[in-house]
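Worksheet: the structure to be examined is printed underneath.
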Amino acid sequence: MMPKMKTHKGTKKRFRMTGTGKLKHRHCGTSHLANRMSHKRKRNLRGTTVLAEAESVALREALATYSY
């Protein structure tokens with residue numbers, strides 16, 4: 001019998017699956033060195049956004065339906 005697919009832990013920490021199966025993620029570039037950004041840019045990078053469908057196909061396999 002084939003072994004189970006393991007969840008990729010790096011993917012699990014960075015992406016979260018919604019109830020409908022879409023993937024949410026944080027914007028990049030918000031960790032540090034934000035003093036050089038304009039206030040408008042920092043404001044628009046807050047919160048999360050939905051990942052494009054083309055990129056989320058491979059990530060769903062890496063998550064193996066488990067996120068957080």
Side-chain angles (χ1 to χ4, degrees):
M1 202 152 77
M2 292 292 291
K4 293 181 182 178
M5 286 288 291
K6 288 191 174 182
T7 303
H8 191 273
K9 297 300 183 176
T11 306
K12 183 179 174 182
K13 292 169 190 174
R14 289 170 175 84
F15 297 93
R16 186 163 186 169
M17 197 175 293
T18 63
T20 57
K22 295 177 183 175
L23 289 170
K24 296 193 307 185
H25 68 98
R26 280 182 54 195
H27 290 281
C28 63
T30 58
S31 298
H32 59 104
L33 301 175
N35 56 352
R36 67 178 75 171
M37 291 187 199
S38 67
H39 296 295
K40 180 180 180 179
R41 184 172 169 197
K42 284 192 280 190
R43 187 170 60 244
N44 288 333
L45 289 175
R46 280 185 208 146
T48 58
T49 185
V50 177
L51 194 69
E53 187 61 34
E55 297 173 353
S56 62
V57 174
L59 288 176
R60 276 197 207 99
E61 281 184 26
L63 280 174
T65 67
Y66 296 106
S67 66
Y68 289 108

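Values below: all heavy atoms of this structure, side chains included; hydrogens, waters and symmetry mates excluded. Values in this document were obtained by computation on a predicted structure and should not be read as measured data. Count residues from 1 along the sequence.
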Do any pairs count as a side chain to side chain donor-acceptor pair (under 3.5 Å) and have a residue in residues 31-54, sequence neighbours left out, and if so which ones?
Glu53-Arg60
Table please: side-chain donor-acceptor pairs of residues 19-30 below 3.5 Å, with sequence neighbours left out.
unit_1, atom_1, unit_2, atom_2, d
Thr20, OG1, Thr18, OG1, 3.3
Arg26, NH2, Thr30, OG1, 2.8

Distance col, row Leu63:CG vs Met5:CE, nearest 0.5 angstrom, shows 11.0 Å
Leu45: which other cluster members, linking ILVMFWY side chains closer than 4.5 Å, directly or transitively?
Met37
Closest approach of Thr11 to Ala62 (non-hydrogen atoms, all atoms of both residues)
OG1-CB, 4.0 Å
